[in-house]
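Report on the following structure.
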Number of protein chains: 2
Amino acid sequence: MSEKPASPKSEKILDAAEKLFALHGYDGVTLRQIATTAGVDVALANYHFGRKLALFSAVFERRAAHLNEARRSALRACQANAGEGGPSVEQIIEAFLRPLELAQETGDAGWQHYLALVAYINNSPYWGQRMMSRLFDELVLEFIDALRQALPGAADRDLFWCYHNLSGALTLTLAQTGRIDTLSQGKCLSSDLQAAYDRMIPFMAAGFREVCMKS
Amino acid sequence: MSEKPASPKSEKILDAAEKLFALHGYDGVTLRQIATTAGVDVALANYHFGRKLALFSAVFERRAAHLNEARRSALRACQANAGEGGPSVEQIIEAFLRPLELAQETGDAGWQHYLALVAYINNSPYWGQRMMSRLFDELVLEFIDALRQALPGAADRDLFWCYHNLSGALTLTLAQTGRIDTLSQGKCLSSDLQAAYDRMIPFMAAGFREVCMKS
DNA sequence: TTGTTAATTCAACACATGTTGAATATTCTT
DNA sequence: AAGAATATTCAACATGTGTTGAATTAACAA
C-alpha cells in the first residue's frame with residue numbers, strides 16, 4: 001500500500017519503462033533502451049526488479065492501487081449524493097471515467113503512459129486475461145453491481161457485454177493512437193480527452209439502457 | 001487486386017506469421033518461430049517477402065481488400081433495400097459489423113487471426129496511425145457518410161467521436177482476449193461472436209442517436 | 001532430355017539480447 | 001570518521017536475432 005522510499009534512479013527506470021512499454025509493447029523494448037532513457041546502466045534494472053518480466057509487472061502494478069482508489073471513491077461519492085434509487089447510469093459511468101481524464105490531465109506524462117500501457121495490456125490476447133483480472137476485476141465488479149441496480153431487471157449477460165463495449169471504447173481512447181485525428185482530418189484529436197469523455201458518457205449510458213432495458 | 005499464384009509455402013508463411021503476429025505483436029515474434037510454424041527454412045521468408053517489416057505488411061494487406069469488398073457490398077445492399085430516407089442507423093452499423101462476424105465464423109482460423117491482428121494494430125500507438133489509414137479510411141468514411149445521412153443535423157465532431165467508440169468496442173471484440181470470460185465468470189465468452197454483435201448493434205445505434213441528435 | 005528459372009535449404013556472419021558476478025561509488029549508522 | 005549496507009557501474013557471457021550468399025532441389029520450356 002504505502003510507497004517504498006526506493007532509490008531515486010529506480011523510479012527513473014520505472015518511468016522510462018512505463019513510457020517505452022506503452023508505446024512499443026513488452027517485446028518491442030530492450031532493457032538497454034530503458035536504461036538509456038533513464039540515464040542509467042543496463043544492470044541496474046536487474047538489480048532493482050529482477051527479470052524483465054518482473055519490471056514489466058512492477059510498472060503495471062505501480063499505479064494500479066492509486067487508480068482503483070480514485071475510481072472507488074468517485075463511485076462512493078456519487079452513491080452518497082444520489083437519492084433513494086441510487087445513482088443514474090450516467091453518474092455511474094461518469095464516476096468510472098472521470099478519474100482517468102483527471103489523471104491524464106495533470107500534465108504528469110507518467111499517467112498518460114501508464115494508461116496507454118493498460119490499454120495495450122487490456123487489448124492483448126496474450127497479456128489481457130493474464131494481467132488485468134487480478135488488479136482490476138474487483139473494482140469493475142463493484143461498478144457493474146451499481147449498474148445492475150440502476151437498470152432493474154437487466155440480465156447479467158447483457159450487463160457484461162455492455163461493459164465490454166464500454167471497456168473497448170475506453171481502451172482505444174487511452175491508447176491515444178492518433179487514428180481519429182487523421183480519419184477526421186483534424187476535427188477530433190486523440191489528445192482532447194475532455195471531448196472524448198464528454199461524448200462517451202451519454203453514448204454509453206444510452207447503449208446500456210437500450211440493451212439492458214428492452215423488456 | 002487479383003491473387004498472385006504464389007508458391008504453396010509462401011502462403012504457409014503468411015498463415016503462420018498472421019497467427020503469431022496476432023497473438024504476440026510484431027516484436028514478439030521471431031522469423032524462426034514463423035518458419036518453424038510454417039514448416040519451412042528461415043531464409044525462405046526473406047526470399048519471398050524481403051525484410052521482416054515487409055512480411056508484416058504483406059500479412060496485413062493480404063485480406064484487406066477482400067474485407068473492404070464484403071463491407072462495402074453490405075452497405076450497398078442495405079442502401080438499396082432502404083426506402084426514401086436511406087437506411088437506419090442500425091442497418092448501417094449492422095452492415096459494418098456482420099461481415100466481420102461472418103468472416104470469423106467460417107471456421108477458417110485465418111480470418112480470426114487476421115482480425116485479431118487488425119485489432120492489435122488499430123490499438124497500437126506505434127502502428128495504428130501508420131498502418132490503418134491507408135487501407136481502411138476510405139471505406140470507413142463511406143460508412144460515416146451514410147450515418148451522417150441517417151442522423152440529420154449531426155455535427156461532424158460528434159459523428160467521428162461516436163465512430164471512435166464503435167471502433168474501440170469492435171477492436172476489443174476482435175482481439176478476443178478472453179477477459180470478459182473471467183470477469184463474467186463464464187456468463188459471456190469472447191468466442192461467442194453472435195452474442196457480442198447482437199448486442200453491439202443496438203448499443204451503438206442508441207449511442208449514436210443520443211450524442212448526434214441531442215438538438 | 002537439356003538448359004533455365006524459380007523455389008527452397010544450408011551455413012554462417014555481424015550484431016543485439018537478457019542476464020550475471022565482480023568492482024566501484026554512494027549512503028547510512030554509530 | 002570508520003565501517004557496513006545499499007546503490008550503481010563495468011565487463012562479459014551465452015544465446016538468439018535478422019539477414020545474406022552460396023548450394024541444392026523442384027518446376028518448366030525448348
Side-chain angles (χ1 to χ4, degrees), chain A residues 2-62 110 117 120-121 124 126-127 130-131, chain B residues 2-62 110 117 120-121 124 126-127 130-131:
Chain A
S2 62
E3 333 278 310
K4 277 222 209 89
S7 79
K9 303 220 173 188
S10 92
E11 293 209 34
K12 283 263 171 60
I13 293 174
L14 286 172
D15 291 341
E18 188 172 58
K19 175 179 184 167
L20 293 170
F21 281 143
L23 184 56
H24 295 104
Y26 178 75
D27 301 286
V29 178
T30 150
L31 288 174
R32 283 171 174 84
Q33 290 176 299
I34 294 172
T36 299
T37 304
V40 148
D41 186 85
V42 199
L44 193 56
N46 218 286
Y47 170 75
H48 279 296
F49 303 100
R51 328 194 78 74
K52 183 186 181 185
L53 183 58
L55 170 60
F56 187 64
S57 296
V59 171
F60 185 56
E61 287 167 15
R62 176 165 60 148
L117 179 66
Y120 159 74
I121 290 173
S124 158
Y126 184 75
W127 301 110
R130 206 166 303 213
M131 298 189 69
Chain B
S2 63
E3 332 278 312
K4 277 219 208 93
S7 78
K9 302 220 176 187
S10 92
E11 293 210 34
K12 284 265 171 62
I13 292 174
L14 287 173
D15 291 341
E18 188 173 58
K19 174 177 184 170
L20 294 170
F21 281 143
L23 183 56
H24 294 105
Y26 178 76
D27 300 285
V29 178
T30 147
L31 289 174
R32 282 170 175 83
Q33 290 176 301
I34 293 173
T36 299
T37 303
V40 150
D41 185 85
V42 200
L44 193 56
N46 218 286
Y47 170 74
H48 279 297
F49 303 100
R51 327 193 78 74
K52 182 185 182 185
L53 183 58
L55 170 59
F56 187 64
S57 296
V59 171
F60 185 56
E61 286 165 17
R62 175 167 58 150
L117 178 65
Y120 159 73
I121 289 173
S124 158
Y126 183 74
W127 301 109
R130 205 167 302 216
M131 298 189 69

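In what follows, every chain begins at residue 1, and chains take the letters A, B, ... in the order their sequences are listed. Not measured: the values here are computed from a predicted model.
A donor-acceptor contact under 3.5 Å links the side chain of A:Arg32 to the base of C:dG18.
Looking at residues 41-49 of chain A, you'll see A:Val42, A:Ala43, A:Asn46 sit with a heavy atom under 4.0 Å from some atom of DNA chain C.
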**Prompt:** Would B:Phe56 and B:Phe21 satisfy ring pair (Phe, Tyr, Trp, His ring centres under 6.0 Å), going step by step from the backbone distance to the final call?
**Reply:** CA-CA 8 Å; B:Phe56 187 64; B:Phe21 281 143; 4.9 Å; yes
**Request:** Check the pair A:Phe49, A:Leu14 against side chain to side chain contact (heavy atoms under 4.5 Å, CB included), reporting the backbone distance first and the verdict last.
**Result:** CA-CA 10 Å; A:Phe49 303 100; A:Leu14 286 172; 3.5 Å; yes
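With sequence neighbours left out, the side chain to side chain contact (heavy atoms under 4.5 Å, CB included) criterion links A:Asp15 to A:Glu18, A:Arg62, A:Arg63.
The two residues A:Gly28 and A:Gln33 have their closest heavy-atom pair at O-OE1, 3.7 Å. Closest non-hydrogen pair, A:Met131 versus A:Ser57, comes out as CE-OG, 4.0 Å. For A:Ala45 against A:Leu31, the heavy-atom pair with the smallest separation is CB-CD2, 4.5 Å.
Checking C:dG18, C:dT9, D:dT9 against every side-chain atom of B:Lys9, the shortest atom distance belongs to C:dT9.
Contact check, A:Ser10 against D:dA7: no side-chain N or O comes under 4.0 Å of OP1 or OP2. Taking side-chain N and O atoms only, B:Thr30 has no distance below 4.0 Å to OP1 or OP2 of D:dG16. Not one side-chain nitrogen or oxygen of A:Ser7 sits closer than 4.0 Å to the OP1 or OP2 atom of D:dT6. Phosphate contact (OP1/OP2 of D:dG18, side-chain N/O of B:Lys52, threshold under 4.0 Å): present.
Helical stems involving DNA chain C, defined as 3 or more consecutive Watson-Crick or G-U pairs under 3.5 Å, span C:3-28 with D:3-28.
The interatomic distance linking B:Ile34 (CD1) with C:dT8 (P) rounds to 16 Å, in whole Å. What separates CD of A:Gln33 from P of C:dC15 is a distance of 18 Å, to the nearest Å. Rounded to whole Å, atom C1' of C:dT17 lies 13 Å from atom CG of B:Asp27. Between the C1' atom of D:dT15 and the CG atom of A:Leu31 lies a distance of 15 Å, rounded to the nearest Å. The interatomic distance linking B:Leu53 (CG) with D:dT17 (P) rounds to 18 Å, in whole Å. With rounding to whole Å, B:Lys12 atom NZ is found 14 Å from C:dA7 atom C1'.
Between the CG atom in A:Leu55 and the CD1 atom in A:Ile13 there is a gap of 7.5 Å [rounded to 0.5 Å].
Within 6.0 Å of the NZ atom in A:Lys52, the count of heavy atoms belonging to other residues, nucleotides or ligands exceeds 12.
Of the possible donor and acceptor atoms, one in the side chain of A:Tyr26 sits under 3.5 Å from a partner among the backbone N and O of A:Leu53.
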